[in-house]
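Everything below concerns the one structure shown next.
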Amino acid sequence: MEGEMLKGHLDMIVLAALSSGPAHGYAIIQEIQRRSGGAFDLAEGTIYPALHRLEQAGLLTSRWTTGESGRRRRIYTLTRRGRDALTKHRTVWQRFSEAIGGLLGQAGHDAAQYSR
Amino acid sequence: MTQPSIVAEYVDTLTRELSFDIGLANRVRQEVEDHLWESAGNTSPEEQRRAIAMFGCPHEIAAQYAALSVWRQTRRTITVILVAIALVFVSMKLRMSWYQLLHWGLSAHLQGVGSAGLVIARGGFLCALATAAIGWAYIASCQAPIRWHAAFRVQLRRGLLLCLLSVSTLMISVTAGCVLTGLRLFEARTLASTAAIPLMSVAVEFVLIIVLIAAIRRAVYRMAFATQLASRVD
């Protein structure tokens, strides 16, 4: 999928990846790749400024822990505001998706008729 | 001597780009280092290069952080200004109450100067408060973008101008208050214990002004750094 298109929905993608529970940056990226079936080709580093921004907006909280490797690791958790924002994003996206789906479906139908 | 790893070199580059915000740079260093080592899986140079390639360009990532850092610093600056204005208000009220308690007024021939000084001090204070309130509302309405861009820079610059205007008028107010205090002390020809409270309140107000100037300076510095960083990425 196009990088610029993805960036426009990055906040929603990150919030959705965190909906299943707290996770650190690398695990969030893994979750995004798993759920999208590897369709999103986004530079992994882009996730971190997004996490930081969402935390500043109060949609996430974070805390340091120590991983199995002994390295410090930051764990992110959705806040109540974050969950509300995700629900809102989901509703808007579903409406948008249905509208575009209808539009493209109709366009495909018209194109098929013309070609007959 | 051991060679620094490819991951370490990459993290160094990224944190160097973020050196304008030490706290952020330290946090990013630990977080990114953990990510890259987990992604690489082992210490082989090929795996490290692959992890770095997937992570992205350090300048591009630093530019994304820069937008957030400058936005946060500007928001912090306007909040500090509002707190300082509240403290200056308390300090001025305390000084005035002290004068009333001691019936410490200005003599008749300085009444005119005193009235003018009071008008300047109050006017300056109200201007500072109004400008800071507008600035706070304006900055609160700005959202940090995914990456630094010219329109966002213009928004933050306007916010900082409001900060500067607020601090300038507050400085005029504090200076007027300081002159009036000086006149009272000059007339009373005293530096005794009764003068301690007015002197301390004026000193506190000037210290607050210095703190505010430093906060604005820091925000301007970060903005200049972020602009430079973004121009390099573009």
Side-chain angles (χ1 to χ4, degrees), chain A residues 2-15 17 22-34 38 40-76 81 85 88-89, chain B residues 7 10-11 13-15 17-18 21 23-43 50-76 140 142-149 152 226 229 233:
Chain A
E2 291 293 326
E4 285 306 314
M5 192 177 170
L6 274 181
K7 276 183 188 169
H9 302 291
L10 192 57
D11 291 359
M12 180 175 66
I13 292 168
V14 172
L15 291 175
H24 62 281
Y26 186 72
I28 293 169
I29 291 158
Q30 297 283 298
E31 182 68 6
I32 291 170
Q33 283 175 352
R34 188 186 66 78
F40 295 164
D41 183 25
L42 195 68
E44 291 177 355
T46 313
I47 295 292
Y48 289 93
L51 285 168
H52 215 89
R53 198 177 56 250
L54 290 169
E55 189 183 356
Q56 287 294 315
L59 304 183
L60 305 178
T61 54
S62 72
R63 65 191 158 82
W64 285 109
T65 58
T66 306
E68 285 167 17
S69 58
R71 286 189 298 271
R72 290 189 81 203
R73 168 169 288 179
R74 203 153 182 102
I75 305 286
Y76 295 89
R81 268 181 71 190
K88 206 171 147 187
H89 274 304
Chain B
V7 163
Y10 177 89
V11 173
T13 308
L14 182 58
T15 45
E17 294 282 12
L18 295 172
D21 187 341
L24 176 69
N26 286 337
R27 174 178 164 169
V28 170
R29 165 177 278 279
Q30 294 186 53
E31 211 170 9
V32 172
E33 208 162 24
D34 176 52
H35 174 105
L36 291 174
W37 282 122
E38 186 151 358
S39 177
N42 60 53
T43 53
R50 183 195 54 78
I52 286 167
M54 283 167 71
F55 199 79
C57 166
H59 310 295
E60 170 78 28
I61 293 159
Q64 290 176 24
Y65 272 116
L68 191 63
S69 170
V70 179
W71 173 75
R72 205 177 47 204
Q73 182 62 37
T74 312
R75 221 174 51 157
R76 196 180 294 154
C142 303
Q143 289 297 316
I146 287 177
R147 56 181 298 183
W148 183 260
H149 54 78
F152 181 61
L229 190 62
V233 170

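In what follows, chains carry the letters A, B, and so on, assigned in the order in which the sequence lines appear, proteins first and then strands, with residues in each chain numbered from 1. Note: hydrogens, waters and symmetry copies are ignored here, and every other heavy atom, side chains too, is used.
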Practice problem: With a 4.5 angstrom heavy-atom cut-off, could you sort out which part of L24(B) is near chain A: side chain, backbone, both or neither? | Solution: side chain
Self-check item: 4.5 Å side-chain heavy-atom contact, R72(B) and D21(B)
Solution: yes
Quiz prompt | Check: R53(A) side chain, Q143(B) main-chain N or O, donor-acceptor pair, under 3.5 Å | solution = no
Quiz item: Checking R75(B) against chain A: side chain, backbone, both or neither under 4.5 Å from a heavy atom?
Solution: side chain
Quiz item: Using a cut-off of under 4.5 Å for heavy-atom pairs, which of G56(B), A53(B), A144(B) has the most such pairs with chain A?
Solution: A144(B)
Quiz item: Below 4.5 Å, heavy atoms only, C-beta onward: do H35(B) and M54(B) meet side chain to side chain?
Solution: no
Self-check item: Under-4.0 Å salt bridge between E38(B) and R71(A)
Solution: no
Practice problem: Name the region of I47(A), side chain, backbone, both or neither, that has any atom closer than 4.5 Å to a heavy atom of chain B. | Solution: neither
Exercise. Could you tell me which of V28(B), I61(B), L68(B), V32(B) has the largest number of non-hydrogen atom pairs under 4.5 Å with chain A?
Key: L68(B)
Practice problem: May I ask you to test the H52(A)-S62(A) pair for a side-chain heavy-atom distance under 4.5 Å? | Solution: no
Quiz item: Which bit of W37(B) comes within less than 4.5 Å of chain A, counting heavy atoms only: side chain, backbone, both or neither?
Solution: both
